[in-house]
Structure formats: structure tokens, C-alpha cells
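Residue numbers start at 1 and run along the sequence shown.
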Amino acid sequence: MSVLAQDLALLLLDNESGRSTVDLGRRHRAVGSAILLDLIRIGKVTVDVPAGDPKAARPVVRDTAATGDAVLDKALSLLADKDRKLGWAAENIGHACWRAQLDALTDRGLVRHEEGRFLGVIHTNSWPSGDPSHEEAVVDRIRDAVVGGRQPDEPTLLLVMILNGIGALPALLPDEDKKAVTEQAARLVREHTENGPWGEVFKGLDAALFTVLLAG
């Protein structure tokens, strides 16, 4: 299952309106990055960095066998179909797989799909919160890591990295000081990047590549 990407998509939806809390460009880059990370973590994809240049990095499909997850399999198909630089691949995947992520969240009961009409003419879709317990647990883990100083697990740290990279973390923790949250998250990510076995875990997907993934 696209665990990281689904959690990120859930966090980027407003619970009441059911619409994205960030602009489309940042949303696509972020969700696409999370999907790529899900694929990297299960050994389906690695990242090739020609001459050590992060800007030239490209995702490489190592295993095309179906995962059984609709989102991951669609992303694998897109990656196998055309060679793309890392950031462009993330943006394309995020755009192509956004609706599939919402469908998966709906199937799990975490959001509700609501249809409507704007001015009685324009068809609209929204995905307000269904069962909020899972999202609340994810936010609690993020708060504990960023504000409480608790050691994060790998998915939580990656969510912090992505959310902070697109400037969406302070809105997730509205009761905390915005500047302090941003600085503490950056420090948390930096410490784990410098001291943790990132090269082995992510097969070369280090902090410089995250910058390429999320810049846009």
C-alpha cells in the first residue's frame, strides 16, 4: 500500500471543505515525491545520479512486477514508460495519481467523496474528513517529533521533510509558533540526514535530492 503517500494526501486535505490546502504545483510535487519514496522503500525503484549531480538525477525502475496497489502500479507504469528527471517525474506522478489516492482514502473511510454544483452549473468534488482518528494519530506523531523532541520513525521523518519542504508544516500545527516549527523541523531532518544511514535506506536519495524533488 502507498502508506506514505496516502498519509500525505490526507494531511493536505482540509477536513471541513475537503479541498487541497496547498496549490496544485506543490501538491503534485509533494504527493509524487511520497509515491516515489514508497516505491524506493519496497525496492521497486532506485535513483541514478549521473556524475553525482542531483539536478541530473533520474528514477530507475528495477522491478516492474505489480505491487497490488493501484497507485504504486500506476506510478511504476509511468516511470517505465518514459525517462524523466527526478523532479519532473515526481510532478507527473503526483498529478496522475492524485485522484487514485483520494479513492483509496475513501475506500478506507478516512474521507468522504462529495459532489456538488457551483452556481448550479460547474460540477465540483470534495473529500471532507470521514474518520479523523488516523489523521489525528499521524499529526500527533509529527508534533511529538518536531515539538516534543521524540525520536521519529522513518515514515514520520519523511512526512516532516516533505511537509516542511513545501511550507505546509506550520498549518498542520497551528497552535505552535510558525518560525519555531520550521526551524525545528529543518534541524530534525538535518540531524537525521547527517547521522542516519540514509544512503543505505534510500539508495542514494539524500537531502540534496529531496531539494530537487520539492523545488518547483
Side-chain angles (χ1 to χ4, degrees), residues 1-13 20 22-108 127 153-166 168 189 193 196-216:
M1 184 172 74
S2 49
V3 178
L4 184 68
Q6 285 190 30
D7 282 351
L8 180 63
L10 188 62
L11 295 173
L12 294 180
L13 287 172
S20 178
V22 298
D23 60 81
L24 294 182
R26 286 189 295 160
R27 186 185 79 188
H28 292 162
R29 279 286 180 115
V31 172
S33 297
I35 293 170
L36 279 172
L37 284 167
D38 276 324
L39 291 170
I40 289 168
R41 294 170 72 212
I42 62 174
K44 293 291 187 180
V45 170
T46 58
V47 177
D48 181 32
V49 189
D53 180 8
K55 292 183 179 180
R58 284 174 163 77
V60 179
V61 176
R62 298 299 184 188
D63 180 3
T64 59
T67 66
D69 179 278
V71 171
L72 297 184
D73 289 341
K74 185 169 187 175
L76 271 178
S77 177
L78 289 170
L79 290 172
D81 182 58
K82 186 176 181 179
D83 178 44
R84 295 178 173 91
K85 287 188 177 181
L86 192 61
W88 187 233
E91 189 162 338
N92 275 263
I93 289 171
H95 172 73
C97 295
W98 175 247
R99 181 57 186 266
Q101 292 280 47
L102 297 177
D103 290 342
L105 292 173
T106 302
D107 290 342
R108 293 171 63 191
W127 288 265
D153 58 13
E154 183 181 293
T156 301
L157 183 62
L158 291 172
L159 286 172
V160 169
M161 181 179 280
I162 294 172
L163 289 164
N164 206 45
I166 62 171
V189 170
T193 300
W198 289 86
E200 292 181 13
V201 175
F202 300 114
K203 300 178 178 62
L205 192 60
D206 59 13
L209 291 179
F210 269 103
T211 301
V212 173
L213 270 174
L214 298 172

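Considering every non-hydrogen atom in both Ser20 and Leu13, the closest pair reads N-CD2, 4.2 Å. Of all heavy-atom pairs spanning Ala57 and Val47, the tightest one is CB-CG1, 4.0 Å. Taking both residues in full, the closest heavy atoms of Pro59 and Ala89 are given as CG-CB, 3.8 Å, listed atom of the first, atom of the second, then distance. Residues Ile93 and Gly32 come closest through the heavy atom pair CG2-CA, 4.2 Å. Nearest heavy-atom pair, Val189 versus Met161, reported as atom, atom and distance to 0.1 Å: CG1-CE, 2.9 Å. Smallest separation of non-hydrogen atoms from Val22 and Ala168: CG1-CB, 4.0 Å.
At least one donor-acceptor pair under 3.5 Å links the side chain of Arg29 to the backbone N or O of Gly87. Using a distance-only test at 3.5 Å, with no hydrogens or angles considered, no donor-acceptor pair links the side chain of Asp81 to the main chain of Ser77. A donor-acceptor pair is defined here as one N or O able to donate and one able to accept, closer than 3.5 Å; such a pair exists between the side chain of Asp38 and the backbone of Leu4.
Residues Thr156 and Leu159 are not in side-chain contact: their nearest non-hydrogen atoms beyond the backbone lie 4.5 Å or more apart. Between Leu39 and Val61, every side-chain heavy-atom pair lies at or beyond the 4.5 Å cut-off. With a 4.5 Å cut-off on side-chain heavy atoms, Leu158 and Glu154 count as touching. Looking at Leu8 and Leu12, their side chains come closer than 4.5 Å, going by heavy atoms from C-beta outward. The side-chain heavy atoms of Asp48 and Pro50, taken from C-beta on, include a pair separated by under 4.5 Å. You'll find the side chain of Asp83 reaches within 4.5 Å of the side chain of Arg58, heavy atoms only. Taking 4.5 Å as the limit, every side-chain heavy atom of Cys97 sits out of range of all side-chain heavy atoms of Val31. With a 4.5 Å cut-off on side-chain heavy atoms, Pro155 and Arg41 count as touching.
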Residues Arg84, Asn92; criterion side-chain contact (heavy atoms from CB on, under 4.5 Å); working and verdict: CA-CA 9 Å; Arg84 295 178 173 91; Asn92 275 263; 3.8 Å; yes
When you look at Arg62 and Lys44, which way does the side-chain contact (heavy atoms from CB on, under 4.5 Å) test go after all the steps? CA-CA 5 Å; Arg62 298 299 184 188; Lys44 293 291 187 180; over 6 Å; no
Side chain to side chain donor-acceptor pair (under 3.5 Å) between Asp103 and Thr106, worked out: CA-CA 5 Å; Asp103 290 342; Thr106 302; 5.2 Å; no
Can you check side-chain contact (heavy atoms from CB on, under 4.5 Å) on Val45 and Leu76, steps first, answer last? CA-CA 8 Å; Val45 170; Leu76 271 178; 4.1 Å; yes
Under the criterion side-chain contact (heavy atoms from CB on, under 4.5 Å), I'd like the reasoning laid out for Ile40 against Thr46: C-alpha separation, chi angles, the key distance, then a yes or no. CA-CA 6 Å; Ile40 289 168; Thr46 58; over 6 Å; no
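Atom CZ of Arg26 and atom CD1 of Ile162 lie 14.0 Å apart (nearest 0.5 Å). Interatomic distance, Gln101 CD to Arg27 CZ, rounded to the nearest 0.5 Å: 11.0 Å. In this structure, CG on Asp69 lies 9.0 Å from CD1 on Ile35, to the nearest 0.5 angstrom.
Using a 3.5 Å distance cut-off with no hydrogens or angles, the side chains of Thr67 and Asp73 do pair a donor with an acceptor.
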